[in-house]
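Numbering of residues begins at 1 and proceeds along the displayed sequence.
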Amino acid sequence: MFGRKKKRTGLNDLDDLMARLRPDLSRESLGVGPGFPGVAPNPLLNGAARKRDAELRTGELALGVLVDWREVNSNPRVVLMFDVETADGSSFRGIADEDLTITELTRLAPGQTLPVRYRPAVMDHYVALARDADPARVRQLSDEIASREKPSGR
């Protein structure tokens, strides 16, 4: 009754704002389509992003081949783009929003394979680095994927 109603910004408004503030993080510059998730300006202030990150930390293990990355700020917070291969044979383009150390940042190289976690029930292209992954399990997953990709020679 008193005061004005607060206008809620939609997802498209946030995407437009992000594209204006950081054109290098727009969907077009990342080379993905409209169905791909956007990059939130500050996931620490977004409850949905915090929930997503918590779910990803316990998600399914997969392997991601690093395609590219963009530095978001000087913490350094980076957005990593992966081509992800899962244990069940599916593949997709994944995006991870991570805080890295300077040492980790300098070791990034396109084509590098890293363990990642994803949410198979959601499949929204978000992934997270699996820093806690058991190296033996990562090797086993890598072997499974490699054996599946070999063409059968007759």
Under the criterion side chain to side chain contact (heavy atoms under 4.5 Å, CB included), I'd like the reasoning laid out for Leu129 against Phe82: C-alpha separation, chi angles, the key distance, then a yes or no.
CA-CA 10 Å; Leu129 290 177; Phe82 291 99; 3.7 Å; yes
Salt-bridge present ([X], [Y]; N to O < 4.0 Å):
X	Y	value
Asp53	Lys51	no
Arg50	Glu55	no
Asp132	Arg117	yes

With the 4.5 Å side-chain cut-off for hydrophobic clustering, are Val122 and Val116 part of the same group?
no
same_hphob_cluster(Leu141, Val65) at 4.5 Å side-chain heavy-atom cutoff
no
So, His125 side chain and Ile95 main chain: donor-acceptor pair closer than 3.5 Å or not?
no
Tell me if a side-chain donor or acceptor on Arg148 pairs with a main-chain N or O of Ala87 at a distance below 3.5 Å.
yes
Mind jotting down which residue pairs meet the salt bridge (Lys or Arg N to Asp or Glu O under 4.0 Å) criterion with at least one end in residues 100-116? Sequence neighbours excluded, please.
Glu104-Arg131
For [X] versus [Y], what's the shortest heavy-atom pair and its separation?
X	Y	result
Ala130	Leu61	CB-CD1, 3.7 Å
Pro110	Val67	CB-O, 3.9 Å
Glu98	Ala128	OE2-CA, 3.4 Å

Spacing of CG belonging to Leu80 relative to CG belonging to Asp97, to within rounding of 0.5 Å
8.5 Å
Side chain to side chain contact (heavy atoms under 4.5 Å, CB included) between Leu66 and Met81, worked out:
CA-CA 6 Å; Leu66 184 63; Met81 302 257 321; 5.8 Å; no
Arg52 to Tyr126, cation-pi by 6.0 Å centre distance and 45° axis angle:
yes
ring-ring contact (aromatic ring centres under 6.0 Å, His included) contacts in which one or both residues fall within residues 84-107, not counting sequence neighbours
Phe92-Tyr118
Stepwise side chain to side chain contact (heavy atoms under 4.5 Å, CB included) check, Leu63 with Thr86
CA-CA 7 Å; Leu63 292 179; Thr86 67; over 6 Å; no
Using side chain to side chain contact (heavy atoms under 4.5 Å, CB included), reason through Leu56 and Arg119 one step at a time and then give a plain yes or no.
CA-CA 6 Å; Leu56 283 171; Arg119 301 178 297 171; 3.7 Å; yes
Would you say Ile102 and Pro76 make side-chain contact, with heavy atoms under 4.5 Å?
yes
